[in-house]
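Positions are given from 1, in the same order as the sequence printed here.
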Amino acid sequence: MAPSRVTPSSTGKPQAAGVGWRWRWRLRRLGRQDGRQRHPDPEIAEPPVRTATRLHLEAEMRYQVEVTWSAYAKRVSEKLVEAQSVASTVPLISMRVADAEEQLIRVQKDEPDVTEEVQRFGGEEETPDGVLRRRRFREFERRRNAAAGAHLAALADLRAAQESVTRLEAEAAELSREAIDAARRIAALYESAHEIYQQALLKRHAERELVRLLLDPAPFRLPAVVSEPMYSRHEGQGGR
């Protein structure tokens, strides 16, 4: 039997898109050999018949799917670990936002009142009121701008963290969907390989019509692990 034409890449995706010519040649040769030797024998075989070649292709398909699935699962896990790490910082950042907001409110309450007498400090006894009022307002503006900047920075950090968690979870969900698609592509590839073998078998078999009725028509069965996504955003959002 030819080696697999599907190999896992660093992304976990199958690298081959079809059955290579060497593999096709070997599959056809196997089919012709089995046909000449009357395998399966319709006089003793009972449906559904799975030839040795089909069993081998199914086993190799499952192996390739498991390798690919494992590669994707590793990447999904890495995304989720990173998302959880970022999510763990959200409560602390939220506290920063609340503290900065309180500080901004306190500063805003200290805005100079133009109707009140200007408070004087040492060395300001002879300074005109207008100069002092402008000075106090500039000092207030500096404190207000600093407090507002700290509040905006905290809000930006919180938004960035939340968006990062959302993005990472979305990427994990997308990788999960890609894993299923990749598994199905691998199964389709091996089913195509089996079809090549089976056509050669039936073409050479002396009792091809009887054999056609005996052969198992069921598609290749994917491993049970591929039955559903390994992660979905709904699952992740429900857990927070």
Do the ring centers of Y197 and W23 come within less than 6.0 Å of each other?
no

Exam field: side chain S192 to backbone A188, donor-acceptor pair closer than 3.5 Å:
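Side chain of S192 to backbone of A188, a donor-acceptor pair under 3.5 Å: yes, one is there.
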
When you measure from the side chain of S70 to the backbone of V67, do you find a donor-acceptor pair of N or O atoms at a distance under 3.5 Å?
no

Does a salt bridge link [X] with [Y], judged by any charged N lying under 4.0 Å from a carboxylate O?
X    : Y    : answer
R212 : E209 : yes
R144 : E141 : yes
R54  : E58  : yes
E78  : K74  : yes
E174 : R177 : yes
R167 : E163 : no

Within the 4.5 Å heavy-atom criterion, are L168 and L80 side-chain neighbours or not?
no

Close side-chain approach of T53 to L201, heavy-atom, < 4.5 Å
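Heavy-atom side-chain distance check fails, nothing below 4.5 Å.
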
In one Ile/Leu/Val/Met/Phe/Trp/Tyr side-chain cluster, 4.5 Å: V90, V97:
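Both belong to a single hydrophobic cluster.
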
Anything under 30° is parallel, anything over 60° is perpendicular, the rest tilted; go ahead and classify F220 against H194.
tilted

What heavy-atom pair brings A73 and M230 nearest, and what distance separates the two atoms?
CA-SD, 3.5 Å

Looking just at side-chain N and O atoms, do R159 and Q162 make a donor-acceptor pair shorter than 3.5 Å?
no

Working note: Q199 + E195, criterion side chain to side chain donor-acceptor pair (under 3.5 Å); need CA distance, chi angles, decisive distance, verdict.
CA-CA 6 Å; Q199 287 176 358; E195 181 66 21; 3.1 Å; yes

Can you tell me which residue among E102, E101, Q103 is in a side-chain contact (heavy atoms from CB on, under 4.5 Å) with I105?
E101

Taking atom CD1 of I196 and atom CZ of R24, what is their separation to the nearest 0.5 Å?
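Separation between the atoms: 6.0 Å.
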
